[in-house]
Amino acid sequence: MRIYSSAPRSLLLAGAFFGVLTFGAAAQQPASPPAAAPAAAPALPPGSPLIGRPDGEAAAKLAPVAAPPIAAAPDKLPLAKLKVPAGFNIEVYAAGMANARSLAEGDKGTVFVGSRTVDKVYAIVNKDGKRSVKIVASGLYRPNGVAFKDGTLYIAELSKISKIDKIEDNLDSPPKPTMIYDNLPKDEAHGWKFIAIGPDNKLYIPVGQPGNNVLHDDAHGQIRRINLDGTGAEVVALGVRNSVGFDWNPENKQMYFTDNGRDWLSEDVPQDKLNRLTKVGEDFGVPYCYQGNIPDPEFGWGHSCSEFTPPVGLMGPHAAALGMRFYTGNMFPKSYKNTIFVARHGSWNRSNKFGGDVVSVKLNKDGTVKSIEPFLTGFLEDNKYVGRPVDVMQLKDGSLLVSDDWNGAVYRISYGKQKVATQ
Amino acid sequence: MFPKTVFPKSVFPKDGPMRRRITITALVLASVAFPAGAETVQERAATCFTCHGEHGQSETENTPSLGGQQAPYALIQLFMFREKLRSFELMNEMAKAFTDDDLRTFSDFIATLPKPTPLADPGDPARMARAQALVQQHRCNTCHNTDFSGKDNVPRLANQREDYLAKTMREYKDNSRHGYDATMAEVLQPVTTDQIADLAYFLARVR
C-alpha cells in the first residue's frame with residue numbers, strides 16, 4: 001500500500017483496517033463460517049482514488065475514454081466536421097502519428113510531437129516545401145512532453161527528462177536521448193508530463209497528484225523547474241492536481257497554467273482551472289479546495305478556500321483543459337493578440353460530454369479571464385468523440401497547430417485566403 | 001496440432017533462464033507459424049487457438065480465454081504486442097508483421113468467439129461473497145460493466161481464467177504490465193495480493 005505522507009495517521013489506520021480484513025479473510029479460508037460480513041462494503045481508505053465515485057446507474061455508465069490505438073488514415077480524419085470562425089481555415093498538417101500529444105517547434109521549423117500511449121516522439125519535417133513524419137525517438141515510456149531551445153529537444157517521459165542536442169541536424173538518425181533529470185515519482189496516475197521552457201530559461205515540469213483526490217506527499221501535486229542541465233530543481237507551484245499545459249504571458253512574463261479538477265464530485269462542478277503564478281511557492285489549493293470556491297467534501301474540513309491562490313478563470317466541468325499558448329502572431333486578426341488558446345481534451349466523467357474543442361480566452365487588464373469563446377469545434381458528435389485536441393502551438397508564420405491524440409494527427413489553422421503552409 | 005502440454009511455464013518471461021525461454025519460444029513459433037496460403041481469418045486464427053483454445057475458452061495456464069472479448073480492447077492489446085508496448089515474447093513475435101488491418105480483423109474476430117463459460121465449481125460461498133464486497137468497494141463493476149462483460153476499451157472479465165486474472169492484476173499493481181492508460185495501475189494500488197486472489201476466484205466463477 002502506498003503511503004501519502006500528508007495523511008499518515010488516517011492511512012495507517014486504514015492500513016490496519018485492511019490488515020485486519022485480510023488476515024481475517026486468510027484465517028477463514030479453510031473453514032466455512034465467514035468472519036467478516038461481506039454484504040456491507042467497507043469504507044474506502046482515505047486517499048483512495050475511488051473516493052467519491054457514487055453508486056447508481058448513471059454514474060456506472062461513465063468510464064475513462066481511451067483513444068483508438070491506430071492513427072486514422074488521412075482520408076478518415078474528421079476534417080470536414082471541424083469548424084473554425086469565419087475567415088479562418090483548417091487543414092491537415094500531418095497525420096499517421098499514433099497518439100499525437102504535445103507540440104514543440106524547432107529553430108528550423110521542425111515540429112516535434114510527443115505521445116502518451118505509445119513509445120515515440122515524432123518529428124514533422126519540412127523540406128523543400130514538403131512535409132513528412134519521422135520517428136526521432138522510440139522505446140520511451142509515456143513521452144508526452146516536448147520542448148525545444150537552442151537546437152536541443154527536451155523530452156519528458158513519465159519519470160524522467162532527457163534531451164537530444166542538435167536534433168534538427170540529425171533528423172534521419174538522431175542519437176538516443178540523454179537523461180538530465182529523473183528525481184521524479186513513478187506513479188502512473190497523472191504521471192505523464194507536459195513541459196515547457198520559461199522566459200527564465202528554465203524547464204518547467206508538473207508532477208500531478210497520484211490519484212483522483214488524494215492527500216499527496218511533498219513530491220506530488222506541484223510544478224517544478226530545473227536548469228536546462230537538470231540541476232537546481234525547485235518547486236514553484238503547490239496544490240496542483242494535474243496540469244498538462246502552460247505558457248507565459250508575453251506582456252508581464254507571468255506563468256499561466258491549466259489544472260484539471262477532480263472527478264466524481266458532481267456532473268457540473270468542480271470546473272477545470274486556469275491559474276496564474278505570480279510568485280514562487282504559491283499554493284493553488286488541491287486537494288483542499290477546488291475551482292477556488294468549493295472546499296473538498298472530504299479534505300476541505302479545517303481549511304478555507306481563502307488560504308489559496310484562486311484561479312483567474314474556470315474552464316468548464318471535467319473539460320480536461322490541457323495545452324495552452326498565448327497568441328503573439330500577426331496572421332490572425334488583432335483581436336486575437338495575446339489571447340490564450342486552450343485545448344480542451346473533453347470530459348469522460350460527465351453524462352453529457354463537455355469540451356473536446358479549442359477555445360480562445362481573452363484576459364482583462366488585471367490578468368483575469370474576461371471571456372472564453374469557441375475557436376475550433378466539431379470533435380464531439382452525438383456525445384461521442386470523433387477527435388480530441390491535446391495541445392496548441394503557434395507556428396512562426398502565425399498560424400496555429402492543434403494536435404489530436406484520438407486520430408494521431410495535427411491540424412493547422414490559418415486566417416485569410418487559404419494557402420498551404422510554407423516554412 | 002501442437003499438443004498443449006508442450007507449452008511449459010518457460011514461455012512466460014520471468015520463469016527460467018533466458019536461453020531456455022528463447023529456445024522454447026523459437027520452437028513454439030516454428031510450430032505455430034501461420035500456414036502458407038491461409039486466407040480467411042478463421043484459417044489464420046487456428047494458430048491462436050493452439051494456446052487460446054478453439055471455442056473462445058483457453059485450456060492453457062496463464063493464457064487468456066478470448067471469447068466474447070471487447071473488440072476495441074482486443075485491438076489495443078494486439079497493437080501493444082506489435083509495438084512491444086506490452087511485453088510477451090510469443091505474442092510480440094506473432095503480431096510483429098501484422099498490418100493495421102490485420103489487427104482490426106483479428107480483434108473483430110475475437111469478439112465473435114463464444115464467451116467462456118463459468119467454472120463448474122460454483123465456488124466457496126464465503127470467498128465469493130468476500131470478493132463481491134471487494135468488487136463493490138473498488139467499483140470494478142463501473143467500468144467493466146455490472147455483468148463483467150466489459151465495454152469498448154475496458155475488457156470482459158467474466159469467466160476469464162482465474163490464473164490469468166490474478167497474474168494480470170498482480171502485474172498491473174507492480175507495474176510490470178504497462179496498461180494502455182494509467183487506470184488499472186491506479187485502481188489496484190490499495191488492493192492486496194490476497195484480495196487479488198479472491199477477485200480472480202470470483203470473476204472466473206461469476207454467473
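Only this structure's heavy atoms are used, side chains among them; waters, hydrogens and symmetry mates stay out. Each chain gets a letter, A, B and so on, in the order the sequences are listed, and its residues count up from 1.
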Could you pull out the closest heavy-atom pair between Pro69(A) and Tyr180(B), with the gap in Å? CA-OH, 3.2 Å
Engaged part of Leu62(A) at the chain B interface, taking heavy atoms whose separation is under 4.5 Å: backbone
Using non-hydrogen atoms and a 4.5 Å limit, figure out which bit of Leu78(B) sits close to chain A: side chain, backbone, both or neither. neither
Tightest non-hydrogen contact, residues Ile70(A) and Asp100(B), listed as CG2-OD2, 3.1 Å
Note: Asn212(A) and Glu186(B) closest approach over all heavy atoms is N-OE2, 3.5 Å
Rounded distance (nearest 0.5 Å) linking atom NZ of Lys84(B) with atom CG of Asp119(A): 10.5 Å
Highest number of heavy-atom pairs under 4.5 Å with chain A among Pro125(B), Pro72(B), Ala185(B), Gly179(B) belongs to Gly179(B)
I need the Phe79(B) CZ to Asn99(A) CG distance, nearest 0.5 Å. 8.0 Å
To the nearest 0.5 Å, how far apart are CG in Leu188(B) and CD in Glu188(A)? 12.0 Å
Measuring from atom OH of Tyr141(A) to atom CG of Leu85(B), what distance do you get when rounded to the nearest 0.5 angstrom? 9.0 Å
Shorter than 4.5 Å, heavy atoms on both sides: which option in Ser138(A), Ala67(A), Ala98(A) has the most such pairs with chain B? Ala67(A)
So for Asp152(B), is it side chain, backbone, both, or neither that comes closer than 4.5 Å to the heavy atoms of chain A? neither
Within a radius of less than 6.0 Å around NZ of Lys120(A), do more than 12 heavy atoms belonging to other residues, nucleotides or ligands occur? yes
